[in-house]
Peer 1: 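For reference, the structure I am asking about is given below.
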Amino acid sequence: MLHFEDFPEGLSLPLGPHHFDAERIIRFAEQFDPQPFHLDAHSPAAKQLGGLIASGWHTCSALMRMMCDAYLLNTASQGSAGLDEVRWLKPVFAGDKLIGTATVDSRRVLNSRPNMGVVNFTYLMNNQKGEPVLRMRGMGFVAVRNPGKLKPGPKPTGPKPAESIKSTPEDAKPSPRTGSFYDRLVPGIVRDLGSHTFERDPIITFAKQFDPQRFHLSDEGAKGSHFDRLCASGWHTAAQWMRQNVENSYHGLQDAIGYDGPPVAFGPSPGFRNLRWYLPVYAGDTIHYRTTLTGKRIQAHRPGWGLLTNHAEGFNQHGERVISMDGAVTVPTG
């Protein structure tokens, strides 16, 4: 069993390969990201992008599985508090084969818990052409094999993650009622994305496919971890946000700004930052999601398209925040 001591700075671990076929891409999209370019290779959106492409959340979940197969299932892992950055650099098409690396950037023993350390990784995934398709920077908690022999490290001195935006629908600025869909968007608009209850069987099904760590598979497996009982993979929690976003966000946003034109076809996302998992999501928990529009800008390199930025959050039935992230999505400006 690997422990904190087995992950020195500079260590690079091979990941993969992982194959993406059309059936798996569509099956994931149907459950978590039902946008046309993930569902139908013959849709205009897919043709514009070059073919059927995998959801970015599918790519991230596949990376999680690659990590588990390469080293994580043989590691005294205690989960993760989040990621600093995820960049989807190129589309992942049906038929692509991905390989990657996980490189240790830094590590430190926790002052508050000297029996546990934080290991910071950079993950890079390439397709069969050697082209980078995903870059991710994140951390994981790993148990220390010999507590007391390693000195706790100082906390990072870099920029702090973005704090939760405390916007409410009343904080939103009035939206202009004329102009294109893009012109009417004003930072501050809050979209209620509805709720989802995480049941035991779907938690286990997702974990078996993408994140088969013991605390995501059974209550018995979770004993001895700081989760104590069965909880959902963080990627499951994040992918469900995407499902709520697709189902409830787009039409709700059009209604909020008084836009009654043809449905707007959003484009793919370049990635997100500051993904934080604050609390475990246990079987039976109901998570309520919301997203706040934080900004917009014209894309100089892509005429006719703009980039919207947003802050997403999820809260459990007790009102406790369990997840947040800062994301972006492309949208036509005309």
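Here the structure is a predicted model, which is why all the values come from computation and not from measurement.
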Peer 1: I'd like to know if the side chain of His3 and the backbone of Met1 have a donor-acceptor N/O pair within less than 3.5 Å.
Peer 2: yes
Peer 1: For the hydrophobic clusters of this structure (ILVMFWY residues joined by side-chain heavy atoms under 4.5 Å, transitively), does one cluster hold both Met136 and Val133?
Peer 2: yes
Peer 1: Just verifying a value: how many Å separate Ser80 OG and Phe141 CZ, rounded to the nearest 0.5 Å?
Peer 2: 7.0 Å
Peer 1: State which residues pass ring-ring contact (aromatic ring centres under 6.0 Å, His included) with Trp57; sequence neighbours excluded, sorted by chain then number.
Peer 2: Trp88, Phe272
Peer 1: Would you confirm whether Arg321, through its side chain, and Leu279, through its main-chain N or O, come within 3.5 Å as a donor-acceptor pair?
Peer 2: no
Peer 1: Nearest 0.5 angstrom please: Leu134 CG to Arg87 CZ, how far?
Peer 2: 11.0 Å
Peer 1: Taking all non-hydrogen atoms of both residues, which atom of Val142 and which atom of Phe4 are closest, and how far apart?
Peer 2: CG1-N, 3.4 Å
Peer 1: Taking the ring centre of each residue, are His226 and Phe215 less than 6.0 Å apart?
Peer 2: no
Peer 1: Restricting to salt bridge (charged side-chain N to carboxylate O under 4.0 Å, His left out), what partner residues turn up for Arg145, sequence neighbours left out?
Peer 2: Asp6
Peer 1: Please answer whether the main-chain N or O of Gly304 pairs with a side-chain N or O of Thr333 as donor and acceptor at a distance below 3.5 Å.
Peer 2: yes
Peer 1: Output side-chain donor-acceptor pairs under 3.5 Å for residues 295-302, partner residues at least two apart or in another chain, one line each.
Peer 2:
residue : atom : partner : partner atom : Å
Lys296  : NZ   : Tyr182  : O            : 2.7
Lys296  : NZ   : Leu185  : O            : 3.0

Peer 1: Quick one: salt bridge (charged side-chain N to carboxylate O under 4.0 Å, His left out) partners of Glu5, sequence neighbours excluded?
Peer 2: none
Peer 1: Spell out, yes or no, whether Val329 and Val331 are grouped together once hydrophobic residues are joined by side-chain heavy atoms under 4.5 Å, including indirect joins.
Peer 2: yes
Peer 1: So if you build clusters from Ile, Leu, Val, Met, Phe, Trp, Tyr with side-chain heavy-atom gaps below 4.5 Å, do Leu89 and Phe93 land together?
Peer 2: no
Peer 1: Give the table of side-chain donor-acceptor pairs shorter than 3.5 Å for residues 9-21, with sequence neighbours excluded, one pair per line with atom names and distance.
Peer 2:
residue : atom : partner : partner atom : Å
Ser12   : OG   : Thr103  : OG1          : 3.4
Asp21   : OD1  : Glu23   : N            : 3.2
Asp21   : OD1  : Arg24   : N            : 2.8

Peer 1: Less than 4.0 angstrom from a charged side-chain N to a carboxylate O is my criterion; do Arg290 and Glu313 meet it?
Peer 2: yes
Peer 1: Has Thr294 got a side-chain atom pairing as donor or acceptor with Thr309's backbone, closer than 3.5 angstrom?
Peer 2: yes
Peer 1: Pair up each side-chain donor or acceptor in residues 42-54 with any protein partner under 3.5 Å, not counting sequence neighbours, and list the distances.
Peer 2:
residue : atom : partner : partner atom : Å
Ser43   : OG   : Pro36   : O            : 3.4
Ser43   : OG   : Asp40   : O            : 2.9
Ser43   : OG   : Ala46   : N            : 3.2

Peer 1: Working to the nearest 0.5 angstrom, can you tell me the gap between Leu39 CG and Glu30 CD?
Peer 2: 6.0 Å
Peer 1: Applying the 4.5 Å side-chain criterion to the ILVMFWY set and letting contacts propagate, would Leu308 and Val264 be lumped into a single cluster?
Peer 2: yes
Peer 1: With Arg229, which residues qualify under side chain to side chain contact (heavy atoms under 4.5 Å, CB included), at least two apart?
Peer 2: Asp219, Tyr282
Peer 1: Which class fits the ring pair Phe121 and Phe7: parallel under 30°, tilted 30 to 60°, perpendicular over 60°?
Peer 2: perpendicular
Peer 1: Which distance, rounded to the nearest 0.5 Å, do you find between the CD1 of Ile99 and the CE of Met66?
Peer 2: 8.0 Å
Peer 1: What pairs with His288 under ring-ring contact (aromatic ring centres under 6.0 Å, His included), at least two apart in sequence or on another chain?
Peer 2: none
Peer 1: Step by step, work out the side chain to side chain donor-acceptor pair (under 3.5 Å) result for Asp105 and Asn120.
Peer 2: CA-CA 6 Å; Asp105 295 326; Asn120 296 300; over 6 Å; no
Peer 1: Could you work out, with ring-ring contact (aromatic ring centres under 6.0 Å, His included) as the rule, every residue matching Phe37, not counting sequence neighbours?
Peer 2: none
Peer 1: Mind checking the CG-NE2 spacing from Leu63 to His58? Nearest 0.5 Å is all I need.
Peer 2: 11.5 Å
Peer 1: Is there a continuous path of hydrophobic side-chain contacts, each under 4.5 Å between heavy atoms, that joins Met139 to Phe227?
Peer 2: no
Peer 1: Report yes if the side chains of Tyr123 and Thr101 come closer than 4.5 Å at any heavy-atom pair, otherwise no.
Peer 2: no
Peer 1: Could you give the side-chain donor-acceptor pairs of residues 125-132 under 3.5 Å, partners two or more places apart or in another chain?
Peer 2:
residue : atom : partner : partner atom : Å
Asn127  : OD1  : Lys129  : N            : 2.9
Asn127  : OD1  : Gly130  : N            : 3.2
Asn127  : OD1  : Glu131  : N            : 3.0
Asn127  : ND2  : Glu131  : OE1          : 2.8
Gln128  : OE1  : Lys97   : N            : 3.0
Gln128  : NE2  : Asp96   : OD1          : 2.9

Peer 1: For residues Gln244 and Leu193, report the shortest heavy-atom separation together with the two atoms involved.
Peer 2: NE2-O, 2.8 Å
Peer 1: Are Phe198 and Phe206 close enough that their ring centres sit under 6.0 Å apart?
Peer 2: no
Peer 1: What pair of heavy atoms forms the shortest contact from Arg65 to Lys208, and how long is it?
Peer 2: NH1-O, 2.6 Å
Peer 1: For His216, check ring-ring contact (aromatic ring centres under 6.0 Å, His included) against everything at least two apart and list the hits.
Peer 2: none
Peer 1: Quick one: list whatever passes side chain to side chain contact (heavy atoms under 4.5 Å, CB included) with Ala265, sequence neighbours left out.
Peer 2: none
Peer 1: So among Phe210, Trp277, Phe32, which one has a ring-ring contact (aromatic ring centres under 6.0 Å, His included) with Trp235?
Peer 2: Trp277
